[in-house]
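To start, the structure under review is shown below, and the notes come after it.
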Amino acid sequence: MTEVPGKDEAAIGVQGKNWLHEMPVVLALLLVLLPLFGGGPGIVVGETVNSRLATVYALIHDGVWHIDRPLSEDPNPFENKTVDKVQRHDGHYLSSKPPVLPLLMAGEYGALHRLFGWELTNTDQLRHVLRIMIFTLMKLPHIIGVLCFALLLRLFLPNRFHVAFLILALGLASPLTGFACQLNNHTPAAAGVMVCLYLGIGLYTARLLPSAWRFFLFGFACAFVFVMDMPVTIFPAVLGLLLLQRFPKQSVFWAGAGALPLLLLHFALMVVITGNPLPVQTQTSMYTFRNSYWRNPIGVDGLNEFWFVYLFHMTFGRFGVFLLFPITLLAFPGVYKKIREPQNLLSLPYFALLTAFLVLSVYYVLFTNNYGGAAYGFRWYNGAIPVLLLLSLPAVSGVRNWKCAFLLVPLFVVSAYSAWECFQAPWGASHEWTCRLLFGPVF
């Protein structure tokens with residue numbers, strides 16, 4: 001691949017004015033975004049939603065972050081519906097979820113409550129509130145992320161059918177669309193990762209002009225990923241280090257300025273809520289209060305598997321990202337092909353991103369034990385899906401004829417089937433085809 005330093009995306013995409021030339025990309029984008037506006041699956045109100053709704057209810061109706069109420073008052077209607085809670089040093093209960101997403105949800109619910117009188121305790125009105133939250137906080141970020149992913153591919157792939165294939169893989173052969181229709185933190189985090197990939201790699205390879213506003217947006221997107229899904233921040237972090245090495249002043253000043261507001265908000269909220277800037281997950285004592293579910297977890301939360309068994313099932317086993325979505329396997333030949341081109345500016349970012357994925361995997365093996373709970377696949381990998389598909393770019397670009405393209409069909413078909421299952425039911429225990437047909441349920 002020949003690098004073109006100093007070119008902006010508009011300059012590189014000169015042929016973008018030719019709509020016929022761009023039609024495969026346009027059609028692929030329409031196909032992957034269409035499911036977001038269809039009927040879709042029903043809204044699942046489970047642990048991940050109830051824990052955050054408990055905080056939303058407390059903020060709007062009580063003006064506090066703790067989710068318990070005095071015995072003389074009616075209880076918070078969502079506190080007893082979730083086990084994702086911890087106990088503060090003063091005895092009050094808190095949601096264990098990071099605070100920024102519940103704060104955004106509270107802002108929306110507060111406005112809807114004031115304008116329309118909608119109540120979270122009314123089942124029909126709760127559905128209306130959740131639909132609006134899912135559209136604004138899940139679907140819109142996902143759409144922005146998909147568009148940024150498409151722009152990133154356009155920077156490096158001259159063949160529009162290759163671009164269209166990877167867009168279809170992202171939207172129709174991955175778990176991202178299924179989770180974008182439900183309330184969760186992984187969808188906005190994955191969207192933030194896609195924005196970071198576009199800006200970070202585009203700036204590093206000089207395919208995008210090093211403008212101040214791009215560094216500012218890159219920093220903001222990095223911080224956004226951090227406040228939504230902290231472990232996945234490893235991908236923006238390695239891109240930030242690469243930019244720091246190549247553009248030290250712009251990275252420190254402008255990217256730092258973009259990241260600072262969200263980071264200050266997050267850490268300030270943590271200090272106000274818990275008295276400690278560190279995540280509650282690092283404070284074991286907060287989980288061991290009397291009658292805490294986490295003292296004696298059951299089902300998928302009570303697993304005690306050997307590390308190599310856990311690693312196998314999160315990669316190639318019952319919840320394995322590479323078995324459920326084998327299209328992501330193309331990342332490995334893609335990286336191998338790219339790092340054999342040492343003069344290519346993409347070689348170092350590819351190596352860094354693959355290393356980040358491996359480090360993230362080691363982290364999950366060492367510090368988690370429940371595959372992300374009752375969800376489709378290993379949901380903690382959702383933020384890594386755009387990275388793996390980007391790393392697949394050299395392998396896909398090497399497809400020059402229909403015979404080679406035909407080899408990709410089984411990978412895409414299996415991945416698309418898993419994506420369809422995920423779209424139908426993102427939440428649930430051991431309902432993947434891998435559990436039904438190959439390995440059995442997890443417990």
Side-chain angles (χ1 to χ4, degrees), residues 1-34 36 139-172 174 176-177 180 187-222 224-225 235-236 239-240 242-243 247 255 258 334 338 345-346 349-350 353 383 385-394 396-397:
M1 183 185 303
T2 302
E3 301 297 343
V4 186
K7 296 292 185 180
D8 194 272
E9 71 271 27
I12 291 175
V14 173
Q15 294 179 334
K17 297 179 181 179
N18 185 341
W19 282 99
L20 184 62
H21 184 72
E22 297 294 332
M23 192 57 66
V25 178
V26 174
L27 290 177
L29 286 171
L30 290 175
L31 283 173
V32 303
L33 296 179
L34 186 62
L36 300 176
K139 294 183 179 182
L140 284 183
H142 179 68
I143 292 171
I144 293 172
V146 170
L147 293 177
C148 284
F149 187 75
L151 289 174
L152 174 62
L153 297 177
R154 283 280 283 102
L155 293 180
F156 299 102
L157 281 177
N159 188 314
R160 298 300 177 262
F161 287 99
H162 292 158
V163 175
F165 176 80
L166 285 173
I167 292 173
L168 292 174
L170 181 79
L172 302 182
S174 86
L176 296 186
T177 300
T187 293
V193 168
M194 287 186 271
V195 175
C196 290
L197 289 172
Y198 170 57
L199 293 172
I201 294 180
L203 289 168
Y204 180 80
T205 58
R207 292 301 180 100
L208 298 178
L209 292 176
S211 306
W213 66 269
R214 287 195 175 97
F215 282 93
F216 186 91
L217 285 180
F218 175 78
F220 182 85
C222 290
F224 184 76
V225 174
F235 298 118
L239 293 175
L242 293 175
L243 288 179
F247 304 100
K338 188 57 60 180
L345 282 175
L346 277 177
Y350 269 51
L353 289 170
I385 294 293
V387 176
L388 293 173
L389 291 177
L390 171 65
L391 298 182
S392 305
L393 185 150
V396 173
S397 65

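Being a predicted model, the structure only gives us computed values, none of them experimental.
For T187, the side chain to side chain donor-acceptor pair (under 3.5 Å) partners are N184, not counting sequence neighbours.
The shortest distance between side-chain heavy atoms of L353 and L197 falls below 4.5 Å. Between L176 and P386 the shortest side-chain heavy-atom distance falls below 4.5 Å. Looking only at side-chain heavy atoms (C-beta outward), F224 and V195 stay at 4.5 Å or farther from each other. For the pair Y204 and L239, the minimum side-chain heavy-atom distance is 4.5 Å or more. Side-chain contact between V32 and L170: absent, with no pair of heavy atoms (C-beta onward) separated by less than 4.5 Å. In this structure, F235 and V225 have side chains that are not in contact, with every pair of non-hydrogen atoms separated by 4.5 Å or more. The shortest side-chain heavy-atom distance between L155 and T205 does not fall under the 4.5 Å cut-off. Looking at heavy atoms from C-beta onward, T177 lies out of side-chain contact with L172 at the 4.5 angstrom threshold.
The line from CG of L345 to CD1 of I201 is 11.5 Å long, rounded to the nearest 0.5 Å. Atom CG of L203 and atom CZ of F218 lie 8.0 Å apart (nearest 0.5 Å). Annotation: the span from L393 atom CG to L152 atom CG amounts to 7.5 Å, rounded to 0.5 Å. Between the NE2 atom of H142 and the CE atom of M194 there is a distance of 6.0 Å, given to the nearest 0.5 Å. For the atom pair F165 CZ and F161 CZ, the distance stands at 13.5 Å (nearest 0.5 Å). Remark: L208 CG to R214 CZ distance equals 5.0 Å, nearest 0.5 Å.
Heavy atoms only, all atoms of each residue included: F149 and L389 are closest at CZ-CB, 3.9 Å. Of all heavy-atom pairs spanning L157 and S397, the tightest one is CD2-CB, 3.5 Å. In plain terms, the two heavy atoms of G200 and L243 that are nearest each other are O-CD2, 3.7 Å. Scanning all heavy atoms of the two residues, the minimum distance from K139 to A180 falls at CG-O, 3.5 Å. Scanning both residues, A150 and I167, for their nearest heavy atoms gives CB-CD1, 3.6 Å. Contact record, P394 with G334: CG-O, 3.3 Å, taken as the closest heavy-atom pair.
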Margin query: Under the criterion side-chain contact (heavy atoms from CB on, under 4.5 Å), I'd like the reasoning laid out for V25 against L153: C-alpha separation, chi angles, the key distance, then a yes or no.
Written below: CA-CA 10 Å; V25 178; L153 297 177; over 6 Å; no

